[in-house]
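Let me begin by presenting the structure, written as structure tokens, before commenting on it.
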Amino acid sequence: MNRIEIQQYRANNDFKISETKTYEDFGKSEKILKKELSVIRRELGEFQDTIYAHGKYSILVCLQGMDTAGKDSLIREIFKDFNVSGVEVHSFKVPTELELSHNYLWRHYLVLPAKGKFGVFNRTHYENVLVTRVHPEYILNEHIPGIHTVEDIDQKFWDKRFEQINDFERHLAENGTLIFKFFLNLSKEEQRQRLLRRLAIKEKHWKFSPGDLKERKLWQTYQNCYEEAISKTTNNHAPWFVVPADNKKATRIIIASILLQSLKKYKDIKEPMLSDKILANLGTYEEQLQREK
């Protein structure tokens, strides 16, 4: 497969969802796309070993998208060739009572990846400027000083949150975390088809919730919130990539390629060298082991 041009998916501060596409297939069949993904993810999995041995960077992969955008299956397919001890996946759902007793970023700090490891956030700290923005009444559960009613939650409140999130990510980046944020750009029609499949296939029934239909009615509100959140928080140390999500196999190739190409640019990521003392005595160590026969 030809090299993915990363820049075409990278969002800038003038990002407009209406100007981005939701479908891609690179003019290839699903069978070929599946085969090409296996090659890319194998190389990514091998490079993970080097990142782990190097032990100076953590990798944070953030996935956001509307319901049915394919986040779960994407994680399964992209990280299939990883050493399981080198990647941790966390899905952030409705905050618990304990989580609400802390600031909204607290639960995300707790599960950040260690150096040498990959962390995947399936839904992320951006839920705090997406779901809560569409449903501002949820903010009242956070018991924030000065916020007593929904009317107290104005544009200045959200601008402050964007600033706090930027500061959070800058702090991580300055301390060795490489951040990749992906918005899975799904069309409303494709979501409708995927919801219908969940209703039609018995094995997929468990994935369906009537709440999905209620949120679907707020589609454009969510799109507006995504557009503002992405445009105000994409930057060099924590870029947003907007990836067409109507074709899952192409989506996986794009994201895996962006990760691999971006990580390969860090030329300092190498397996550590043995000390001169150990290198000078390799023959001695080998002799010791040979004598054990």
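- Using a 4.5 Å cut-off on side-chain heavy atoms (C-beta onward), Ile258 and Ile254 make contact.
- Residues satisfying the side-chain hydrogen bond (donor to acceptor under 3.5 Å, both in side chains) test with Asp212, not counting sequence neighbours, are none.
- Between the side chain of Arg41 and the backbone N or O of Glu77, at least one donor-acceptor pair lies under 3.5 Å.
- Asn122 places no side-chain N or O within 3.5 Å of a backbone atom of Val89 that could act as its donor or acceptor partner.
- In terms of heavy-atom proximity, Lys28 sits nearest to Ile32 at CD-CG2, 3.9 Å.
- A distance of 11.5 Å separates CG in Leu184 from OG1 in Thr22, rounded to the nearest 0.5 Å.
- Atom CD of Glu292 sits about 9.5 Å away from atom CD of Gln290, to the nearest 0.5 Å.
- Residues that satisfy the ring pair (Phe, Tyr, Trp, His ring centres under 6.0 Å) test with His90, not counting sequence neighbours, are absent from this structure.
- Applying the 4.5 Å side-chain rule to ILVMFWY residues, one finds that Leu289 remains a lone member of its cluster.
- To the nearest 0.5 angstrom, Leu130 atom CG is 11.5 Å from Asn224 atom CG.
- Linking Ile, Leu, Val, Met, Phe, Trp and Tyr whenever their side-chain heavy atoms come within less than 4.5 Å leaves Ile75 and Leu112 in two separate clusters.
- Among pairs with a residue in residues 162-184, those fulfilling salt bridge (charged side-chain N to carboxylate O under 4.0 Å, His left out) read Lys160-Glu163, Asp167-Arg170, Glu169-Lys181, at least two apart in sequence or across chains.
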* **Check against side-chain contact (heavy atoms from CB on, under 4.5 Å), Leu213 and Leu195** => CA-CA 9 Å; Leu213 301 183; Leu195 288 172; 4.1 Å; yes
Scan the side chains in residues 281-288 for donor-acceptor partners under 3.5 Å anywhere in the protein, sequence neighbours excluded, and list what turns up.
| from | atom 1 | to | atom 2 | distance (Å) |
| --- | --- | --- | --- | --- |
| Asn281 | ND2 | Lys277 | O | 2.7 |

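- In the hydrophobic clustering, Tyr23 connects to no other residue, as no ILVMFWY side-chain heavy atoms lie under 4.5 Å from its own.
- Atom CZ of Arg42 sits about 10.0 Å away from atom CG of Leu37, to the nearest 0.5 Å.
- Rounding to the nearest 0.5 Å gives a distance of 4.0 Å between CG of Leu178 and CD1 of Ile59.
- Hydrophobic cluster membership for Val84: none, as no Ile, Leu, Val, Met, Phe, Trp or Tyr side chain comes under 4.5 Å of it.
- Between Asn185 and Thr251 there is no side-chain heavy-atom pair separated by less than 4.5 Å.
- Applying the salt bridge (charged side-chain N to carboxylate O under 4.0 Å, His left out) test to pairs two or more places apart or on separate chains, those with a residue in residues 237-259 are Glu30-Lys249.
- Closest heavy-atom contact between Ala173 and Ile179: N-CD1, 4.4 Å.
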* Arg161 and Glu228: salt bridge (Lys or Arg N to Asp or Glu O under 4.0 Å), yes or no, with the steps? -> CA-CA 12 Å; Arg161 285 225 156 165; Glu228 183 173 9; over 6 Å; no
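- With respect to the salt-bridge test (charged N to carboxylate O, under 4.0 angstrom), the residues Asp67 and Arg216 do not qualify.
- His102 is linked by a side-chain contact (heavy atoms from CB on, under 4.5 Å) to Leu98, Trp106, counting only residues two or more places apart in sequence or in another chain.
- Residues Ile144 and Phe157 meet the side-chain proximity criterion, which asks for heavy atoms closer than 4.5 Å.
- Nearest heavy atoms, Leu44 versus Ala256: CD2-O, 4.3 Å.
- Side chain of Ser262 to backbone of Leu259: no donor-acceptor contact under 3.5 angstrom is found.
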* To do: Given side chain to side chain donor-acceptor pair (under 3.5 Å), test Asn13 with Ser231 step by step and report yes or no.
  => CA-CA 4 Å; Asn13 299 116; Ser231 64; over 6 Å; no
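- Identified under the ring-ring contact (aromatic ring centres under 6.0 Å, His included) test for residues 205-228, with sequence neighbours left out: Phe183-Tyr226.
- Between Glu271 and Thr50, the closest heavy-atom pair is N-CG2, 3.7 Å.
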* To do: Would you sort out whether Thr234 and Phe15 count as a side-chain contact (heavy atoms from CB on, under 4.5 Å), showing the intermediate values?
  => CA-CA 9 Å; Thr234 188; Phe15 165 68; over 6 Å; no
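- A donor-acceptor pair shorter than 3.5 Å can be found between the side chains of Gln164 and Tyr104.
- No close placement of the Phe241 and Tyr9 rings is indicated, their centers lying 6.0 Å or farther apart.
- Annotation: side chain of Leu63 is not in contact with side chain of Arg123 (no heavy-atom distance under 4.5 Å).
- Pairs of residues two or more places apart, or lying in two chains, that qualify as ring-ring contact (aromatic ring centres under 6.0 Å, His included) and include a residue from residues 122-148 are His108-His125, His125-Phe168, Tyr126-Trp240, His135-Tyr138.
- Looking at heavy atoms from C-beta onward, Tyr57 lies out of side-chain contact with Thr177 at the 4.5 angstrom threshold.
- Using modelled atom types, one side-chain atom of Lys117 and one backbone atom of Ser85 make a donor-acceptor pair closer than 3.5 Å.
- When only modelled atom types and interatomic distance are considered, Glu151 and Thr149 share a side-chain donor-acceptor pair under 3.5 Å.
- Here the closest non-hydrogen pair linking Ala250 and Leu33 is N-CD1, 4.3 Å.
- Within the structure, every pair that satisfies the salt bridge (charged side-chain N to carboxylate O under 4.0 Å, His left out) test and touches residues 90-114, not counting sequence neighbours, is listed here: Glu99-Arg107.
- Closest heavy-atom contact between Ser58 and Ala114: CB-O, 3.4 Å.
- At distances below 3.5 Å, at least one donor-acceptor pair connects side-chain atoms of Gln64 with backbone N or O atoms of Thr124.
- Between the OG1 atom of Thr132 and the CG atom of Leu140 there is a distance of 11.0 Å, given to the nearest 0.5 Å.
- At a cut-off of 3.5 Å, with distance as the only test, no side-chain donor of Asn83 or Asp49 sits close to an acceptor on the other residue.
- At a threshold of 4.5 Å between side-chain heavy atoms, the hydrophobic network of Ile, Leu, Val, Met, Phe, Trp and Tyr places Val61 and Ile269 in one connected group.
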